Amino acid sequence: MEDTKTIETVPEKEQLSNFIRNIIDKDLASGKHVKIITRFPPEPNGYLHIGHTKSICLNFGIARDYKGICHLRFDDTNPTAEDVEYVDSIMEDIHWLGWDWGEKLFFASDYYDKLYEYAEILIQEGKAFVCDLSPEEMNKMRGTLKEPGQESPWRNRSIAENLDLFRRMKAGEFAEGSKTLRAKIDMSSGNINMRDPVIYRIKKAHHHRTGDKWCIYPMYDYTHCISDALEGITHSICTLEFEDHRPLYDWFLDQLPVPCHPQQIEFARLNMTWTVMSKRLLLTLVKEGYVSGWDDPRMPTVAGMRRRGFPAAALRELSERIGVAKASSTVDFELLQFCVREELNKTAKRVMAVLDPLPIEIENYPEDIIEYLPAENNPEDPSSGNREIPFGKHLLVEREDFAQSPAKGWFRLAPGAEVRLKHAYYITCKEVVLAPDGSVEKLICTYDPASKGGWTNDGRKVKGTLHWINRDTAVSIETRLYSHLFTIEDPMAAEEGKTFLDYLDSNSLVVKQAWGEPSLLEAKPGESYQFLRMAYFSCDPDTQPEKPVFNRVVPLKDSWGKKAKS
RNA sequence: UGGGCAGUCGCCAAGUGGUAAGGCAGCAGGUUUUGGUCCUGCCAUCCGGGGGUUCAAAUCCUCCCUGCCCAGCCA
């Protein structure tokens, strides 16, 4: 990774105001801070999903806009859930999204020694104790949401005994679950997090970075605030469910001789219609084979969306458009689609492909001639240039572009109707050839030689413009048609006896053979196309050049089709 | 009377005492060799509800209602 790739790779944009930026503006104005340092702190226990992009763009975006720094820190304090596969994928995904942490890559596990020292300080000051309660006993004594808890019988051990016991915990003398180190706070607090929380537990597990050096591991609440302080984070931005943890975050930092005291700020996490965002449920999909992997194009993971063809710029754009606030909300999936279309409209090459072919014979066109007609690659981008597409006597058009008895307002092909073939000629349907079963087998048409390029000067009004493919030069391609991610509206509100798996869209993936113009053989993996009048497609990263595979990214907006459906 | 947080258009969201931004969706037109794009217009007399303070409130006070989060030796 060349280090010229900095967070400046993401262009600056005018930022909408939000309450976090307001706080930072005040801190800068008051002189509380001169340089803003944020951090994105994932636990490496799964792949990043669309929900994480909000946090990533928020933290890295703030660093960019305030000329600050955003650290990447892996919150790897639970070795039993974590894996290097995940740290690698997370780094790759963040880079793909266009952000870079430069030299500022950290792991909570880098702080294990320091964290341990601080724990001994807590013990020495009588603010932490070794507790022999079993998990069940501790749970019982914690009290309930409405009733206070009871103090552990081990709460008043001497400092010397606590220190001795804690050192022996570290040395591996005790079994998992037999002892914990707990902060001595307040068992009657209304905030359950303050009821003598566990700060170290015994886990005789191999850690993906520290190996077998440790058999005691610090808990999140204890680790996170200290890690932030050690790194000089100014604003520790996290999601709403940690609001209750803020008093504990502040408590640890107040007790310990840490270099600074970052401010924790909470915001509402991203929820999206049609989308499962729970790591646990996504892991189930992968583990039980409902999808091909974390990067299956139906997955709401960053890797899945990349594979499907969503541009990184679109995900960034979404993150900006949804805003940042404290009210829990669910963003409409339509907004993501809009961001994708908006980006692809500017960048995707226009190309012709027919997904469900209906043969056409141009009766007045010579059998043995193929002519090449110029076509623009993208009308939104003149610099994208032109290409030439072959035209001949035998063509294929989209079956749904022909209607034997057209409805009112139909201006595509119908018996006797004249339409324009994009970039080519006007044609008129002269005859409909039916198969024995009554279905349409092919159409016999005539073309108007004077309309070459799709235009005449005689003022003729031809409103319908169809995409088409020359039969004999058609390239066979494969398309994967995906529906909206893959779930029903609210998989979490499943009925009694059903799991979210019962709500998966079983038609979420349809693979179809299709025919395209020859230029599609030159498609590069990851490159996006607009298959004219159909949808945006992206050349799959795993595709073979001889047989390109295209993932449908999002459908084009089609108001006529919508009306027709309803 | 456990604790914490939140309620502004169908979905997001700005607004921090001076008379309701913007986007998505939707609707109506126009342009168009994609029923795409683009352009124009419409879309909250009202800010969860009731009281109150004020010349003036979505913004302040007060009571009420609704929703979300918390009882892992997960993060």
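Here the structure is a predicted model, which means the values were calculated and not measured. Lettering of chains follows the sequences in order, A, B, ..., and the numbering in each one begins at 1.
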May I have the distance from [X] (atom [atom1]) to [N] (atom [atom2]), rounded to whole angstrom?
X: A/Arg533; N: B/U37; atom1: CZ; atom2: P; answer: 14 Å
X: A/Glu334; N: B/C11; atom1: CD; atom2: C1'; answer: 11 Å
X: A/Lys557; N: B/G26; atom1: NZ; atom2: C1'; answer: 9 Å
X: A/Lys346; N: B/C38; atom1: NZ; atom2: P; answer: 10 Å
X: A/Asn193; N: B/A75; atom1: CG; atom2: P; answer: 13 Å
X: A/Glu176; N: B/G72; atom1: CD; atom2: C1'; answer: 14 Å
X: A/Phe40; N: B/A75; atom1: CZ; atom2: P; answer: 16 Å
X: A/Leu336; N: B/C11; atom1: CG; atom2: C1'; answer: 14 Å

For the pair A/Phe391 and A/Trp468, name the ring-plane relationship: parallel under 30°, tilted 30 to 60°, perpendicular over 60°. perpendicular

I'd like to know if the side chain of A/Ser384 and the backbone of A/Asp381 have a donor-acceptor N/O pair within less than 3.5 Å.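 Checked: pair present.
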
With salt bridge (charged side-chain N to carboxylate O under 4.0 Å, His left out) as the criterion, how do A/Glu342 and A/Lys346 come out once you've worked through the C-alpha distance, each side chain's angles and the decisive distance to 0.1 Å? CA-CA 7 Å; A/Glu342 184 188 42; A/Lys346 293 183 288 192; 5.7 Å; no

In dot-bracket form, how is RNA chain B paired, counting a Watson-Crick or G-U wobble pair only if both its distances are under 3.5 Å and using | for bases paired to another strand? .(((((((.[[[..)..(...]]].(((((.......))))).....[[[[[..)....]]]]])))))).....

What residue pairs, at least two apart or across chains, pass salt bridge (charged side-chain N to carboxylate O under 4.0 Å, His left out) with a residue in [range]?
range: residues 446-462 of chain A; value: A/Glu371-A/Lys452, A/Glu418-A/Arg460, A/Asp448-A/Arg460, A/Asp458-A/Arg460
range: residues 137-154 of chain A; value: A/Glu151-A/Arg155
range: residues 262-278 of chain A; value: A/Glu241-A/Arg269, A/Arg246-A/Glu266, A/Glu266-A/Lys326

Residues that A/Trp455 engages under ring pair (Phe, Tyr, Trp, His ring centres under 6.0 Å), provided they are two or more places apart: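 In terms of ring pair (Phe, Tyr, Trp, His ring centres under 6.0 Å), with neighbours along the sequence ignored, A/Trp455 is linked to no residue.
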
Gap separating the CG atom of A/Leu355 from the CG atom of A/Leu396, nearest 0.5 angstrom: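 Here the interatomic distance stands at 12.0 Å.
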
Output yes when at least one side-chain N/O atom of [X] is less than 4.0 Å from OP1 or OP2 of [N], else no.
X: A/Arg195; N: B/G3; value: no
X: A/Arg201; N: B/A75; value: yes
X: A/Thr77; N: B/A75; value: yes
X: A/Arg341; N: B/C24; value: no
X: A/Asn139; N: B/G72; value: yes

Residues in salt bridge (charged side-chain N to carboxylate O under 4.0 Å, His left out) with A/Asp110, at least two apart? A/Arg209

Just to be sure I understand the rule, does [X] reach a base, reach only the sugar-phosphate, or reach nothing, if contact means heavy atoms closer than 4.0 Å?
X: A/Thr465; value: sugar-phosphate
X: A/Tyr217; value: nothing
X: A/Met534; value: nothing
X: A/Gly409; value: base
X: A/Arg350; value: base
X: A/Leu133; value: base
X: A/Lys203; value: sugar-phosphate

Is B/G51 syn or is it anti, if syn means the base angle is within 90 degrees of 0?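 With its glycosidic angle more than 90° from zero, B/G51 counts as anti.
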
Distance between [atom1] atoms of [N] and [M] (Å, rounded):
N: B/A13; M: B/A71; atom1: P; value: 25 Å
N: B/C43; M: B/U8; atom1: C1'; value: 16 Å
N: B/U1; M: B/A56; atom1: P; value: 39 Å
N: B/A25; M: B/C64; atom1: C1'; value: 34 Å
N: B/A20; M: B/U32; atom1: C1'; value: 37 Å
N: B/G18; M: B/G2; atom1: C1'; value: 41 Å
N: B/C60; M: B/C55; atom1: C1'; value: 16 Å
N: B/C61; M: B/U45; atom1: C1'; value: 25 Å

Expected list for residues 238-250 of chain A near RNA chain B, using heavy atoms below 4.0 Å, is A/Glu241, A/Phe242, A/Glu243, A/Asp244, A/His245

[X]: partners by side-chain hydrogen bond (donor to acceptor under 3.5 Å, both in side chains), with sequence neighbours left out:
X: A/Tyr86; answer: none
X: A/Asn271; answer: none
X: A/Asp244; answer: none

Within 45 degrees of the axis of the six-membered ring of A/Phe174 and under 6.0 Å from its centre: does A/Lys179 put its NZ or CZ there?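 The answer is yes, since A/Lys179 meets both limits relative to A/Phe174.
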
Would you say the base of B/G4 and the side-chain of A/Glu266 have a donor-acceptor pair closer than 3.5 Å? no

Less than 3.5 Å between a donor and an acceptor, one on the side chain of A/Arg412 and one on the base of B/G35, is that the case here? yes

Using the test side-chain contact (heavy atoms from CB on, under 4.5 Å), find all partners of A/Arg182 that sit at least two apart in sequence or belong to another chain.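 With neighbours one apart ignored, the set is A/Phe129, A/Cys131, A/Leu133, A/Met138, A/Ser152, A/Thr180, A/Met187, A/Asp196, A/Val198.
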
Both A/Asn45 and A/Leu421 contact RNA chain B. Taking the nearest nucleotide for each, which residue is further toward the 5' end?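 The residue closer to the strand's 5' end, by nearest nucleotide, is A/Leu421.
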
Most 5' of A/Arg420 and A/Tyr200 on RNA chain B, judged by nearest nucleotide: A/Arg420

List the protein contact pattern of nucleotides 12-17 of chain B with one symbol per nucleotide (5' to 3'): B for base contact, S for sugar-phosphate-only contact, - for none; contact means a heavy-atom distance under 4.0 Å. SSSSB-

Counting heavy atoms from C-beta on, name the nucleotide in B/G36, B/A75, B/G35 closest to the side chain of A/Tyr536. B/G36

Measuring from the side chain of A/Asn345 (C-beta onward, heavy atoms only), which nucleotide among B/G36, B/C70, B/G72 has the closest atom?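 For the A/Asn345 side chain, the nearest candidate turns out to be B/G36.
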
A/Glu85 and A/Tyr47 side chains, donor-acceptor separation under 3.5 Å: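 Per modelled atom types, A/Tyr47 and A/Glu85 side chains form a pair under 3.5 Å.
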
